[in-house]
Chemist: 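First the structure, which I've put down as structure tokens, then a few questions once you've had a look.
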Amino acid sequence: MPELPEVETVRRGLNELVGGSEIKTIEVLYPKMLNNLTADQFIATLSGRTIEKVDRRGKYLLIRLSGDLTIVSHLRMEGNYDVVPEGTTPHKHTHIIFHLTDGRELRYNDTRKFGRMAVVNTGDEYTVSGLKTIGPEPTEKTLKLEYMEQIFAKSKKAVKPFLLDQSKIAGLGNIYADEVLWMSKIHPERPANSLTIAELKELRSNIILELQKAIAGHGTTVHSYSNAYGEAGSFQNQLNVYGREGEPCLRCGTPIVKIKLAQRGTHFCPNCQVLTEE
DNA sequence: CAGTACGCCTGGTAGC
DNA sequence: TGCTACCAGGCGTACT
């Protein structure tokens, strides 16, 4: 499932593969994935435009087109792009085909059809729901400790679902949320406002570090994720808790426990990550 | 306002 | 074997 590192990997791949390419025509096979345009409007508006570059904010891809238009593309759970020679048989889950003037096709595929696209004037992307309220990017520069102290102090919510809230911090999904809590030795059910400043400091550096490392590993492949080259990431080999239910904690050997928290599978070490405050 | 439950979707798999 | 039931979870929406 694409989280920030996977989306960043897709962004880089798209820039290399189709940056500078011109869209000849478009086929929309699943119109419901378009947020704010009909299929006909989408085709008419975007045909003939050049893909200038691809940016990213949180888990949103911002595909910049000539004429100051931006496609805001969210992959949700299983969306992915690939680039193939024109005439390649679309597979079962291909929903949009951008025919390029250079004889290739950029295709959007999405098994579960959760992904969405919207088209806005470049600069207006923050009017798209989700981006309207998005929190800071999890980098050294943009995610300040003081900001974290402020927002955590204001919420009684369990820290795991708190980390999944994109309006607080952008980019974390279910996998990396479990990972950074394990790294920081924080129990996922601890109320956000119970974390000490020392814990927040630790959590902050782990979030930043973990996402950097995952980007370096081209993302995590669980289920169906692949980048624009159709390649899987490698970071799943570096996961410490996610998907390791019953296996020994890599720090202390205690079997990893899986619970359901806010409707999400949540993995943690019951020995390293204790519920009571220090 | 803050917090929570559900719907959207399909493929894979556990269980009978 | 073949069927059903359920799980995977990001995010918008509806609700308390």
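Just the heavy atoms: all of them, side chains too, but no hydrogens, waters or symmetry mates, feed the values below. Sequence lines set the chain letters: A, B, ... in the order given, protein chains first and strands last, and positions in each chain run from 1.
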Chemist: Can you see whether A/Glu245 engages A/His267 through a side-chain donor-acceptor pair at a distance of less than 3.5 angstrom?
Modeler: no
Chemist: In whole angstrom, what separates A/Ile151's CD1 from B/dC1's P?
Modeler: 17 Å
Chemist: If hydrophobic clusters are built from ILVMFWY residues whose side chains come within less than 4.5 Å, do A/Val84 and A/Leu106 share one?
Modeler: no
Chemist: Which dot-bracket string describes DNA chain B (Watson-Crick N1-N3 plus N6-O4 or O6-N4, or G-U N1-O2 and O6-N3, all under 3.5 Å; [ ] crossing; | other strand)?
Modeler: .|||||||.|||||||
Chemist: How close or far is atom C1' of C/dG12 from atom OH of A/Tyr60, stated in whole angstroms?
Modeler: 9 Å
Chemist: CD1 of A/Ile175 versus C1' of C/dG10: gap in Å, rounded?
Modeler: 12 Å
Chemist: Below 3.5 Å between N/O atoms, which protein atoms pair up with nucleotides 14-16 of chain C? Just atom names and distances, please.
Modeler:
none

Chemist: Under the side chain to side chain contact (heavy atoms under 4.5 Å, CB included) test against A/Asn240, which residue among A/Ile256, A/Val180, A/Asp178, A/Leu250 passes?
Modeler: A/Leu250
Chemist: Supply the members, apart from A/Val120, of the Ile/Leu/Val/Met/Phe/Trp/Tyr cluster built from side-chain contacts under 4.5 Å; use none for a lone residue.
Modeler: A/Tyr60, A/Leu62, A/Val72, A/Tyr126, A/Val128, A/Leu131, A/Ile134
Chemist: Does OP1 or OP2 of C/dA8 have a side-chain N or O of A/Lys258 closer than 4.0 Å?
Modeler: yes
Chemist: Can you tell me how far C1' of C/dC11 sits from CG of A/Leu75, to the nearest Å?
Modeler: 13 Å
Chemist: Enter the distance from A/Glu52:CD to A/Leu69:CG here, rounded to the nearest 0.5 Å.
Modeler: 10.0 Å
Chemist: Using a heavy-atom distance cut-off of less than 4.0 Å, which residues of residues 154-167 of chain A contact DNA chain B?
Modeler: A/Ser155, A/Lys156, A/Lys157
Chemist: CG of A/Leu61 versus P of C/dC11: gap in Å, rounded?
Modeler: 12 Å
Chemist: Summarise protein proximity over nucleotides 5-11 of chain B in one line of letters, 5' to 3': B for base, S for sugar-phosphate only, - for none, counting protein heavy atoms closer than 4.0 Å.
Modeler: BB-BBBS
Chemist: Measure from CD1 on A/Ile259 to C1' on C/dC7 and round the result to the nearest Å.
Modeler: 17 Å
Chemist: Give a yes-or-no answer on whether the side chains of A/Asn80 and A/Asn109 include a donor-acceptor pair shorter than 3.5 Å.
Modeler: yes
Chemist: Quick one: pull up CG in A/Leu181 and CZ in A/Phe162 and give me the separation to the nearest 0.5 Å.
Modeler: 12.0 Å
Chemist: When the P atoms of C/dT13 and B/dC9 are compared, how many Å lie between them, rounded to an integer?
Modeler: 14 Å
Chemist: Determine the sole option in A/Lys185, A/Arg190, A/Arg204 for which the salt bridge (Lys or Arg N to Asp or Glu O under 4.0 Å) test with A/Glu199 is passed.
Modeler: A/Arg190
Chemist: Answer yes or no: are there more than 12 heavy-atom neighbours, outside A/Leu209 itself, under 6.0 Å from its atom CG?
Modeler: yes
Chemist: Salt-bridge test for A/Arg12 and A/Glu8: reply yes if a basic N is under 4.0 Å from a carboxylate O, no otherwise.
Modeler: yes
Chemist: For C/dC6, does OP1 or OP2 lie under 4.0 Å from any side-chain N or O of A/Lys260?
Modeler: no
Chemist: Is there a side-chain contact between A/Val54 and A/Tyr81 in this structure, where contact means two heavy atoms from C-beta onward sitting under 4.5 Å apart?
Modeler: no
Chemist: For A/Lys24, does the NZ atom sit with more than 12 other heavy atoms under 6.0 Å from it, leaving out its own atoms?
Modeler: yes
Chemist: Rounded to whole angstroms, how far apart are NZ on A/Lys168 and C1' on C/dG10?
Modeler: 16 Å
Chemist: Please give, in whole Å, the distance from B/dT4 P to A/Glu189 CD?
Modeler: 11 Å
Chemist: Which one of A/Arg64, A/Arg56, A/Arg57 satisfies the salt bridge (Lys or Arg N to Asp or Glu O under 4.0 Å) criterion with A/Glu125?
Modeler: A/Arg64
Chemist: For A/His187, which residues count as a ring-ring contact (aromatic ring centres under 6.0 Å, His included) partner, sequence neighbours excluded?
Modeler: A/Phe268
